[in-house]
Every structure is written in structure tokens, then in C-alpha cells.
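Below: one structure, written as C-alpha cells.
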Number of protein chains: 2
Amino acid sequence: MLSREQIIDAAIGLLDSGGEGALTVRALSERLATGSGAIYYHVGNRDQLLDTATETVITSALETESSQAVATPEEEIRRVALALFDAIAEHHQWLATRLTLQIVRNPAGPVTVEIFERIGRQVGALGVPRASWFDATSTLVHYILGAVSQNARMDGDTSGIQPDMDREEFFDATSTAWQELDPENYPFMHAIVGQTKQHDDRDQFLTGIAIVLAGLTHLR
Amino acid sequence: MLSREQIIDAAIGLLDSGGEGALTVRALSERLATGSGAIYYHVGNRDQLLDTATETVITSALETESSQAVATPEEEIRRVALALFDAIAEHHQWLATRLTLQIVRNPAGPVTVEIFERIGRQVGALGVPRASWFDATSTLVHYILGAVSQNARMDGDTSGIQPDMDREEFFDATSTAWQELDPENYPFMHAIVGQTKQHDDRDQFLTGIAIVLAGLTHLR
DNA sequence: ACCTGAACACCGTTCAAGT
DNA sequence: ACCTGAACACCGTTCAAGT
């Protein structure tokens, strides 16, 4: 008998390998050797399936992270942030779009609540005054989700411009394009093009977290 | 004779009033009283049309902002950020998803370049050391885009849960849902539920900018 | 209760044909 | 060069019918 879990797992598989466009009810029911009606019987429509898949992946990413020893608030925030970063950057690029959607449309859902609660507790422990807890946590969450979305590699997604380009080629093409900009009008782009060439996304993400954390101390 | 500009304007009209789902080639060609082939003749496919619409709106939002008197670097960053915030929050919620997509897929395009250049120059003027310009600017841009995406109101979008709920009702439903969470497991959510009730999104966005700017001073 | 799969109402895109 | 619109290959979703 077909189970809800099987459907969600198969859906995540399709999403991971081909992006959101690859998750069609037909492809899914073929992979599961059923009719399309069976999908609707178990998980409702495609949109709900996408939400459930998002929930499953995020919850599991945050769970494996939480099984470690307690640390400083800064360290715990870094862990939560990296758990999201790694989950999206490495396997589930489709999450970049979906995670934002989930939080905007369903702020009372488990995904939003879990992320806010995890980050928010540490904000309190950091010494931020109670009246600023909501602002401080929102700022951290906004930064994390923004950075994580911007860093999602679009490898598996066919909707990119040149599908035959790998990550490095894409990067080279970008820096040469920046170098070809008019230096009169774009002095800054020229100034940073050297730094982009040998930077690491993950390191930069951590630097960003450190900047926001440093900024929070001014709220005291 | 049909022009490229007319098509883009009509597309933005459809997007503003009904979200991404409302932009269909059929609806567009009906509004313009042409055949679907005419669209493809002028603007390529739907995806390119979406990119062009994004570019048009963002460029114009940044242009009207730049026509003001020069100010401090902090003020100029706030202006660019608010120009994006207001454009998305008030008229073009569909941009939240599309802007991120544009930057990820086309970092050499005018949208990415314009935003980075505008923010980046001020980062230099702020006294951030040259070696940190890229990290600092990325952090700001990531925060701005993250916050702006999370704040896009989903009024016109039918894909929301209850379309008959207005902004205030939605907010009330969220805070009561947060209040009903188990206080043992979600102490933080209970602590902030009061603050969410009477907070202003725009003010919170500016507070976030201030936090990141404060954090940047530590890079000196 | 659980599943099938044809049918329906949509899509984006192409392309011969017209002016 | 510019445009038409039928045709094609897809979609998500429903629902009578089967077990």
C-alpha cells in the first residue's frame, strides 16, 4: 500500500535532482507506479506536497544539528544557520524559493516557528534587551534566509541560462563580465572583482553572521 | 504596431494585480489584442519576459531614488534599501521571488550590478577596509533582499491559504497561533508575541539595516 | 479505504501561413 | 518585418469506476 511518507520521499528525490520543474504529478506517480489520483488521496495538491517536502527537509536538517553538545549562543546561531545553508546549497536548491514562500504564507507553521524559536533563544542569551528580541531575531533570520537563497547553486535547475556550464565556468564568466563594465560608472565592481575570484561562499556567510552578531551588541 | 515596451508594461500590470500566476501568454495577448506569436516575436519566452519586467521595475525604482541630494553613506544605503522595500511591498510582490532568482542566475546582469554598485560605494565611504568590501556589501545585500522578500505582502496572490483574509486578520491569526504554542517548548515565541502585535514592518526593516551597519564598524 | 486512469481545462511554445 | 492562430506537447486536478 502507498504511504504518505513514500510520496514525500519520492517528491524530495525529484526535487533534488531536477528542481521544482521536475516535480510533476505524472513523474511522481510513474516513479511510484501508481495513478495520479493516489497522490491526491494521500497528500492533497502539488502545492501542499511542496510545503510538506519543505517541512520535512528543514525539520530534519535542524534536528541533526540540535543533537550536539550545548555551546555559546553565538556558536548555536552559527550551527542553525549552517544547517540551513548546507541543506540548501548541497542538496536542495529548490528550497531557496520554497522556504521564503513558506515563511511568508505560513508564519504560524512549524518551519517558521522552529527557526524563530531556535535563533530567538540565543538572542536572549546574547544579552539583547527583551524589548529588542523580535527586531534582533527578525534581522538574523532575514539575513540568514537572504544569504542562503542567494547562495543556492542552480546546477540541477534546467531553467538556468547555460545548462552546460559548471560552477567554475559560471564564476569565471561573471568576473570577466564585471571586468568589462565601464570603470567610470562602476568603480566598485572593478574594485571587488579580485576578491570574488577566490572567495568561499560558506566563509562569507559566516562573516555575515559575525557582522550581524556584532551589530546586535549595540542594542544593549 | 505592437512594441516591446507595451508588452512589458502590460505584463507588469498583470503581475501587479494577480501575481506570477496571472501572467499567462494568453491573458497577455488578449489584453494587447494580438496573437500569442506576437509576444514571442518581441520578447522571447515567458521567462525572459519575467526577467525584463523585473529589470524594468528595479531600474526605475533605483532611478527615482537617485535623483535626490547626496547624503551620508548610511542615509544613501537606507534610501536604496527602502526603494527596493517599497517597490516590492506596495506594488510588486511578485518581485520577491523573481529578484532573488535574477541575482542568482544572472550576477552579471544590470539588476545585480546596479544594486551591488550602489551599496558598495557607500560601504567604501563608511570606512570599511578595502579587503572587506566584498564581504560587507554581500552581507548588506543579502540582508536587504532577505528582509524585502519576507515582507512582500501576498494580497494579490491567490496562492495564499485564505484569500478572503486581509492583512490585519492574517496578523491576528498568526499571533493567536503563536500564543497557542506549548510554552514549555516555545518560550521565545511566547515572549515576543506581544511585540509582533504592534510592530511596523518598515521600521523593523530600518532597525535591521542599522544593526548591520553597526556590525560593519567592527571590520575596521 | 484505497487506488485507477480517462477526461477536462488549462498551460508555454512553435510555425506555416498571411500581410 | 510583423503578426495570426491552429496545433502540439505538456501541465494540475477531478471523479466515476473499480477493488
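Just so we're on the same page: letters track the sequence lines, and every chain starts at 1.
Put simply, Y41(B) has a side-chain N or O that comes within less than 4.0 Å of OP1 or OP2 on dC2(D). Within the 4.0 Å cut-off from OP1 or OP2 of dC3(D), at least one side-chain nitrogen or oxygen of H42(B) is found. Using a 4.0 Å cut-off, some side-chain N or O of N45(B) falls inside it from OP1 or OP2 of dT13(C).
Between D86(B) and R79(B) no salt bridge is recorded (no basic side-chain N to carboxylate O distance below 4.0 Å).
Between R46(B) atom CZ and dC10(D) atom C1' the separation is 15 Å, expressed in whole Å. Distance L2(B) CG to dA1(D) P: 17 Å, rounded to the nearest Å. At whole-Å resolution of the value, CG in L50(A) and P in dT13(D) are 10 Å apart. A straight line from CG of L28(B) to P of dC10(C) spans 18 Å, rounded to a whole angstrom. Atom CD in E30(A) sits about 13 Å away from atom P in dG12(D), given to the nearest Å. Atoms CG (L32(B)) and C1' (dC3(D)) sit 13 Å apart, rounded to a whole Å. Put simply, CD1 on I39(B) is 15 Å from C1' on dT14(C), counting in whole angstrom units. Following rounding to the nearest Å, Y40(B) (OH) and dG12(C) (P) show an atom-to-atom distance of 6 Å.
When each of L23(A) and A38(B) is assigned the nucleotide of DNA chain D bearing its nearest heavy atom, the one mapping closer to the 5' terminus is A38(B). Comparing M1(B) and S36(B) along DNA chain D, the residue whose closest nucleotide (by nearest heavy atom) sits nearer the 5' end is M1(B).
Other residues, nucleotides and ligands place no more than 12 heavy atoms under 6.0 Å from the CD atom of E30(B).
Side-chain atoms of D16(B) and H91(B) include no donor-acceptor pair closer than 3.5 Å.
Proximity of V43(A) to Q48(A): side-chain heavy atoms (C-beta onward) are nowhere separated by under 4.5 Å.
You'll find that the side chain of R26(B) is closest to dT13(C), out of dT13(C), dA6(C), dA7(C). Proximity note for T24(B) (side chain, C-beta onward) versus dG12(C), dG12(D), dG5(D): the nearest is dG12(C).
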**Request:** Step by step, work out the salt bridge (charged side-chain N to carboxylate O under 4.0 Å, His left out) result for R202(B) and E90(B).
**Result:** CA-CA 11 Å; R202(B) 212 162 175 273; E90(B) 278 162 31; 5.2 Å; no
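Pair assignment for dG12(D): dC8(C), on the basis of Watson-Crick or G-U wobble contacts that are both within less than 3.5 Å.
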